[in-house]
Every structure is written in C-alpha cells, then in structure tokens.
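Inspection log for the structure reproduced underneath, given as structure tokens.
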Amino acid sequence: MTAEYQVHGAVAVITLNNPPVNGLGLATRTAAVQGIQQALADEAVKAIVITGAGKAFSGGADIKEFNSPKALAEPSLHTLIATVENSAKPVVAAIHTVCMGGGLELALGCHYRVALPGAQIALPEVKLGLLPGAGGTQRLPRVLGLEMALNMIVSGTPVASEKLAATALFDAVYDAGSDLLAQALAFAAKVADVRPLPKVRERQVDYPNHEAFLQFSRNTVKAMAGPFPAPLECVETVAASVTRKFEDGLKFERERFLKLMQTTESKALRHAFFAERVACKVPDVPADTPVRSIKQAAVIGAGTMGGGIAMNFLNAGIAVVLLETRQEALDKGMATIRKNYENTLKKGKLTQEKLDQRMALLTGTLSYGDIAQADIVVEAVFEEMGVKESVFRQLDSVMKQGAILASNTSTLDLNRIAGFTSRPQDVIGLHFFSPANVMKLLEIVRGAQTGKDVLATALALAKKLKKTGVVSGVCDGFIGNRMIEQYSRQAGFLLDEGALPEQVDQAIEKFGFAMGPFRMGDLAGNDIGWAIRKRRAVESPEITYSRSADLLCEMGRFGQKTGGGWYDYKAGDRKAYANEQVNAMIVRHSADLGLSRRQISDQEIVERLVYALVNEAAHILQEGIALRASDIDMVYLTGYGFPLFRGGPMLYADTVGLSNVLAAMARYARGYQGEAWKPAPLLVELAAQGKGFNS
C-alpha cells in the first residue's frame with residue numbers, strides 16, 4: 001500500500017501501488033512525495049513518470065481512510081499535487097484503466113498527461129454529496145473547457161479517455177495495446193529539457209458569455225438536484241474557475257468542499273457507499289471461500305415474480321429453464337418476458353441482438369425432470385408452506401448433487417423449508433423484490449444449516465446479477481418485511497384515529513419515500529397482507545392490527561391488479577385517485593371502534609411510520625438477524641424506497657438522536673394502541689450511552 005520508485009535511464013518512474021485501485025492513502029501519498037524528492041535530488045534524472053500498478057492509474061481517495069485522521073494527515077493530497085506541480089523537472093502522468101477523483105486531480109497537477117484508450121476518466125465526488133476538493137473544479141475547466149468540465153463534474157459520469165483525446169487534458173492517447181510505460185518513458189525523454197514547464201493552473205478558461213451559460217446551468221441543475229446540495233455547489237465552484245484567480249478559486253473550492261462534508265445529505269450518501277461495500281462481508285465466511293459454478297438456472301413459477309427472477313439470470317448471460325404446472329401459465333409467463341424486453345427495445349435501452357440472445361437462453365417446461373441439471377433453482381410459487389413443501393420435496397428428488405435450492409419466500413421459515421429436503425446445507429433464501437428485474441435489493445437468507453460455500457456463491461451471484469445482496473438470518477419476514485409490518489400497523493392505526501390514505505401517503509412521500517404505505521399496498525396487492533394477517537391471527541393472536549385493511553379486502557379491492565384498492569386506478573394510468581366509498585368505510589370503522597377522529601399532523605405521521613421501522617430494526621439487530629445496522633439501511637434504501645438523502649432508517653435515527661426517538665415513542669405509547677411502542681432494549685441501551693446504531 002505504497003508507491004514504488006525506479007529509474008529507467010534518465011527518467012524516474014513512480015508507480016502507485018495500493019490495490020485494488022491505487023487509492024491515495026497516507027502511505028501512498030508519502031511514498032509518492034518521497035519519490036518526487038528523490039528524483040529531484042538525483043542529477044542523472046531529467047524527468048519523472050507517475051503511473052499506477054495493476055488495473056488503475058488511481059481511483060482517488062483511499063476509501064479505507066475515509067472519515068479517519070489519515071485522510072487529512074500530511075502529506076495531504078493537496079501537498080502531493082503541489083509537490084508535483086512545483087517540480088523543477090517535468091512530471092508525466094501515464095494513465096490507464098481508471099483515473100478518477102483524486103487520481104485525476106493528481107494527473108491535472110502533472111505537467112503532461114499521456115494515456116491508453118479505454119481509461120475511465122471522472123470526478124465522481126458529487127455521487128458522495130461532495131465536490132472535487134483538490135483543485136478538480138479549477139483545473140478541469142482549464143483543459144476541457146467550461147461546458148464539458150461542468151457536465152463531467154455535476155454528473156460524476158466517467159468518460160473514456162479516447163473521447164477526450166482532442167482536448168488539452170491529454171498530450172497523447174496511444175493506440176490500444178501499446179506499452180504505456182515504454183511510450184511514457186519516450187515522451188518524458190522528449191520533453192525533459194523543455195522549459196518553461198507547462199502548468200494547467202496557468203491556462204485560462206475562455207467561454208464567450210459565460211454568465212448566461214452559468215445561469216442556465218444553475219437553473220437546470222437546481223431543477224434536477226432535488227434535496228441534494230452538491231450539484232449546485234459544483235456549478236458555483238466551476239464558475240469560480242472563470243470568475244476568480246486560480247488561488248482564489250482553489251480557496252473557494254476548499255470552503256465549499258468542507259461545507260458539503262458536514263451536510264446530512266453527504267453523510268447519508270457516504271454511509272450508503274460504505275454500507276453497500278460492507279454488506280457482502282460475512283465475518284465467518286472468508287473472502288477466499290470456494291464458490292459453486294452457476295452456468296444454468298431454473299425458476300419455479302412463471303408469474304410476475306418468477307418471470308422477473310428469470311430475467312435477472314438472462315440479463316447476466318445465464319441460461320434459464322422456467323417451470324410451470326400448466327401450459328397456459330407457462331406460455332403467458334414466457335410471453336410476458338418477451339414483451340418486457342420488447343418494451344425495453346422500444347425505449348432504445350436494448351438492441352434486437354441482445355433481445356434475441358437473452359430469449360435464446362430461455363426455455364420453458366412442465367416437467368421437473370427438465371431442470372435436474374441446473375446449478376441453481378429458485379422457487380417463486382405461492383407464499384404458503386404447504387405449496388413450498390410440495391415443491392422442495394420434488395426438487396430434492398430430481399436436482400443433481402451440488403445444486404443450490406433457493407426459495408424466494410418473503411416471510412416463511414427457511415429452516416422448515418430446508419427440512420423438506422435431505423440436503424439442508426444446499427438450501428438458501430433468495431428474496432427478490434418486485435419487480436424483480438428492476439429492484440436492486442436481494443435479501444440472502446442464511447438458514448441454520450446453509451453451507452458457507454452456498455452463502456459465498458449467493459453473494460457472488462448477487463454481484464453478477466447487479467443486485468445489492470444483504471444477508472439475513474431466519475425470522476418471520478426476515479429484515480425488510482418484518483420491519484414493514486410494524487410500519488404498516490402504524491399506518492392502519494393512523495386511519496383508525498383520523499387520517500385518510502392520501503394524507504398518510506403524501507406526508508411520508510414529502511419526507512422522501514418513493515411511495516406511501518397505501519399506494520405500496522395497492523401496487524403489491526392488498527390480498528398479500530390479508531393472507532399474512534390471517535396467518536398471524538392463528539400463530540400470534542396477541543398482535544393487533546387495524547381492521548380497515550381487512551374490510552378493504554372484503555370489498556374485493558386488492559389494488560392495481562383489480563383496478564382499485566385504497567385508491568382507484570384508470571386503465572393505462574398508475575395515478576392513484578381517492579375513493580369516496582373507501583374513505584367512508586374508514587370513517588365508519590372509527591365510529592364502530594368508538595373513536596372520535598382527530599386531526600393528525602404530518603410530523604406525527606412521519607415519526608410513527610419511521611420510528612416503527614427503527615424500533616423493529618433494533619430488535620432485528622440485537623437478535624443477530626442482521627449483521628450490522630448499515631445492512632438494514634441498505635435493505636431499505638434499495639428495496640423499500642427509503643430516501644437516499646436520509647441514509648436509511650438507522651442512520652436517520654442516529655441523525656435525529658436516539659434519545660429523541662425514544663422520547664417520541666414514549667409520547668405515542670400513551671395514545672391509541674400504545675402497547676406497540678415498547679422500545680427495543682438495544683435502542684434504550686444505545687440512547688443511554690449517547691451512541692447511535694452506526695457509532
């Protein structure tokens with residue numbers, strides 16, 4: 001985790017070597033500065049090349065040092081860049097594969113830059129709620145021009161090096177397959193005696209009528225940035241490259257960077273960034289655990305969920321056999337998959353060639369015998385234990401040894417399901433979220449006897465399917481649905497007390513949720529919740545619910561699939577329209593309960609819904625169902641539409657302060673159905689210690 005120094009003739013080569021992307025951590029910065037100083041002290045050295053080992057020039061800051069003293073320790077990135085820029089001998093950046101963030105800022109501090117094609121060039125800091133803080137907003141416009149640089153910085157999107165070959169960013173972009181080091185050494189030798197040394201900081205940003213362009217950019221970015229302040233701050237700092245002297249622009253950039261570092265939005269984005277990367281790490285499953293080969297998959301059930309799951313495998317180039325019990329259902333499922341791809345084709349997001357390739361990987365069958373050689377089978381049948389038992393007993397009898405048997409169950413006991421087979425070590429839960437081909441979350445449920453290699457394979461598969469895999473232990477509802485039940489209970493109690501569906505949905509959507517609980521119920525199907533409540537009435541009769549959702553189902557209003565649920569829907573229109581009969585039913589139910597309906601504030605709605613999630617999550621964390629608080633946040637950010645700028649329910653509770661969460665819960669415990677607000681012991685313990693879930 002350092003930088004290596006070598007001399008080739010009259011050229012010193014400093015190779016950044018901090019896998020996997022040569023992050024500019026303290027040790028690497030220190031070694032690089034020492035390398036520059038060593039080269040300057042050696043009279044035989046006439047020029048210097050900086051490059052990166054392995055598969056990157058540099059991906060920027062070392063994420064392992066984020067939020068630690070090392071990130072700001074000297075030599076800082078600013079010091080390294082100043083050392084390079086002020087070198088009395090020419091410094092050439094030899095760029096390949098990845099050059100992003102601080103890596104690009106370092107390259108911009110060099111006197112020359114050469115590259116191979118295909119290198120990904122970006123300043124992606126905006127995606128962490130920040131802006132480039134080491135001169136990127138001041139130097140990039142000086143080599144790319146105002147418009148192109150602003151687009152790159154505001155979007156954070158990588159651009160291939162060859163597309164920038166004609167700009168002043170690069171002095172040379174070589175042919176693919178060239179020996180970059182050899183080319184860079186030759187280039188360095190050629191410019192070794194050229195003086196004065198060119199510095200990006202000395203270039204001017206020339207853009208006619210820049211005031212009008214910058215104002216247009218402010219208006220456009222403001223409309224698109226939503227609750228995130230960083231994109232607009234990027235515009236302002238890039239504007240400084242035109243309107244201020246270089247040093248003043250650098251100072252302004254630093255001020256805005258430090259301000260953004262303290263915003264809750266940036267903290268939330270950084271939390272999500274790290275949470276996603278740590279979610280795949282399971283303490284007792286080493287990184288070198290062998291994984292099983294997944295070349296062919298089978299999916300049981302060709303309905304909406306089964307079809308969506310099949311598409312995930314097809315998109316990843318994995319052949320799928322889709323099994324149904326009736327030809328009519330199979331034909332419908334296969335046709336739906338094709339139609340989904342054709343819709344994507346019409347939108348220009350898929351080529352006909354790709355469509356044909358994916359459909360060629362798909363076969364349908366009515367026979368379990370035809371799936372026997374699949375490496376993994378995912379069951380997506382009706383959420384009822386008897387149905388699951390029938391499926392898994394048949395799978396156990398036909399599947400080859402070593403095949404992974406996965407269930408898409410959203411609530412049922414995976415250990416019982418595994419017990420229907422003679423190979424519980426091969427059984428795992430793969431809980432996809434609807435629509436399965438779109439939603440990013442994959443809850444990976446680890447049974448009591450699930451093999452470590454099976455778990456490691458599932459985590460690797462999640463990455464291949466471009467999902468965020470989060471590991472859960474076995475309990476009713478796992479992480480996400482166990483929490484959402486408490487959220488939904490509070491939503492029902494709010495109806496009993498005086499709210500109507502549209503007020504509840506509007507309040508939580510204003511808070512930032514993608515969809516409120518009642519619109520979500522209509523989308524998922526209200527009959528699903530009805531079935532769960534019926535099961536709860538037998539298994540856990542002590543849990544109370546509002547009867548309004550059952551009354552709605554008794555009206556035959558199951559949601560969008562029946563044209564009406566809590567709301568009405570029109571053909572071809574997913575907009576929710578309030579229904580007077582439903583609202584009258586809610587008011588009548590309050591009267592039947594003997595409740596006087598009252599005005600309920602949006603603040604109360606938000607607190608009750610979100611804190612219900614938080615309290616149940618604290619139980620889940622304490623029981624070890626979730627490995628870490630950030631895993632719970634990832635479940636809600638990627639599967640339930642929790643607002644990204646708030647970082648997930650656990651980080652949001654930390655931001656509010658756990659003592660404040662407890663105080664609000666104590667208030668609600670004195671009200672209607674107050675027994676639902678018994679605080680989780682972990683929540684009480686952490687609040688007493690002044691800590692947070694993510695401390």
Side-chain angles (χ1 to χ4, degrees), residues 276 279 294-324 329-365 371 374-383 404 406-410 428-445 458-470 480-481 514-515 520 522-525 528 559-561 574 634-641:
E276 185 168 13
I294 304 291
K295 294 181 179 176
Q296 183 176 3
V299 177
I300 314 297
T304 302
M305 182 57 78
I309 293 170
M311 288 178 70
N312 282 300
F313 287 103
L314 298 174
N315 295 347
I318 298 171
V320 177
V321 181
L322 190 59
L323 173 68
E324 255 295 352
L330 179 62
D331 292 344
K332 182 179 178 183
M334 299 277 281
T336 299
I337 291 172
R338 177 174 286 280
K339 183 180 177 183
N340 287 340
Y341 280 136
E342 287 173 347
N343 289 338
T344 309
L345 176 71
K346 288 175 186 174
K347 294 174 184 174
K349 296 180 180 179
L350 188 71
T351 64
Q352 184 66 50
E353 183 183 11
K354 286 282 187 185
L355 187 156
D356 294 340
Q357 285 174 357
R358 291 175 187 181
M359 289 305 298
L361 291 170
L362 178 66
T363 52
T365 185
I371 67 169
D375 301 304
I376 186 169
V377 55
V378 184
E379 159 276 307
V381 301
F382 189 67
E383 188 74 346
I404 294 174
S407 174
N408 184 56
T409 179
S410 57
I428 196 165
L430 293 181
H431 179 208
F432 291 82
F433 285 70
S434 187
N437 54 309
V438 175
M439 296 297 285
K440 198 175 178 186
L441 177 63
L442 177 60
E443 258 186 339
I444 300 172
V445 185
L459 286 162
L461 178 64
K463 287 184 179 179
K464 188 166 187 177
L465 300 184
K466 297 182 178 178
K467 301 289 185 186
T468 299
V470 179
N481 282 343
M515 191 177 290
M520 181 179 71
D522 279 356
L523 178 64
I528 296 172
Q560 289 187 18
K561 60 188 175 186
R574 287 182 176 258
M634 284 316 300
V635 166
Y636 267 77
L637 290 172
T638 58
Y640 290 85

Is it the case that the side chain of D375 and the backbone of Q296 share a donor-acceptor pair, with hydrogens and angles ignored and the cut-off at 3.5 Å? yes
By salt bridge (Lys or Arg N to Asp or Glu O under 4.0 Å), which residues pair with K561, not counting sequence neighbours? D527
Would you check if the side chain of E324 reaches a backbone N or O of A329 as a donor-acceptor pair within less than 3.5 Å? no
Heavy atoms of A374 and A297 approach each other most closely as CB-C, 4.0 Å
Heavy-atom distance under 4.5 Å between the side chains of L350 and R358, does that happen here? yes
Residue pair N315 / Y341, side-chain donor-acceptor N/O under 3.5 Å: yes
Any donor and acceptor pair, going by atom type alone, linking the side chain of Y640 with main-chain N or O of A514 inside 3.5 Å? no
Does any non-hydrogen side-chain atom of T344 lie less than 4.5 Å from one of N340? no
Minimum-distance pair of heavy atoms, taken over all atoms of T304 and S434: CG2-OG, 4.5 Å
With distance as the sole test, does K467 use its side chain to make a donor-acceptor pair with the main-chain N or O of M439 at under 3.5 Å? yes
Side-chain contact, heavy-atom cut-off 4.5 Å: K463 with L459? no
Exam field: side chain E383 to backbone I528, donor-acceptor pair closer than 3.5 Å: no
Where the side chain of N437 meets the backbone of M311, is there a donor-acceptor pair that is under 3.5 Å apart? no
If you take all heavy atoms of I309 and A380, which pair is closest and at what distance? CD1-CB, 4.0 Å
Taking N312 for the side chain and A436 for the main chain, is one N or O donor matched with an acceptor at less than 3.5 Å? yes
Quick one: salt bridge (Lys or Arg N to Asp or Glu O under 4.0 Å) partners of K440, sequence neighbours excluded? E276
Would the distance check show the side chain of E443 and the main-chain N or O of V445 forming a donor-acceptor pair, the cut-off being under 3.5 Å? no
Heavy-atom closest pair (L442 atom, A462 atom, distance to 0.1 Å) is CD2-CB, 4.0 Å
Taking atom CD of Q352 as the centre, does the number of heavy atoms from other residues, nucleotides or ligands within less than 6.0 Å exceed 12? yes
Would a 4.5 Å heavy-atom cut-off, applied to side chains only, mark L461 and I318 as touching? yes
Given side chains that start at C-beta, do those of I376 and L430 come closer than 4.5 Å, heavy atoms only? yes
Does any part of the side chain of L637, heavy atoms only, come nearer than 4.5 Å to the side chain of T468, both counted from C-beta? no
Any side-chain heavy-atom pair of I337 and L322 under 4.5 Å: yes
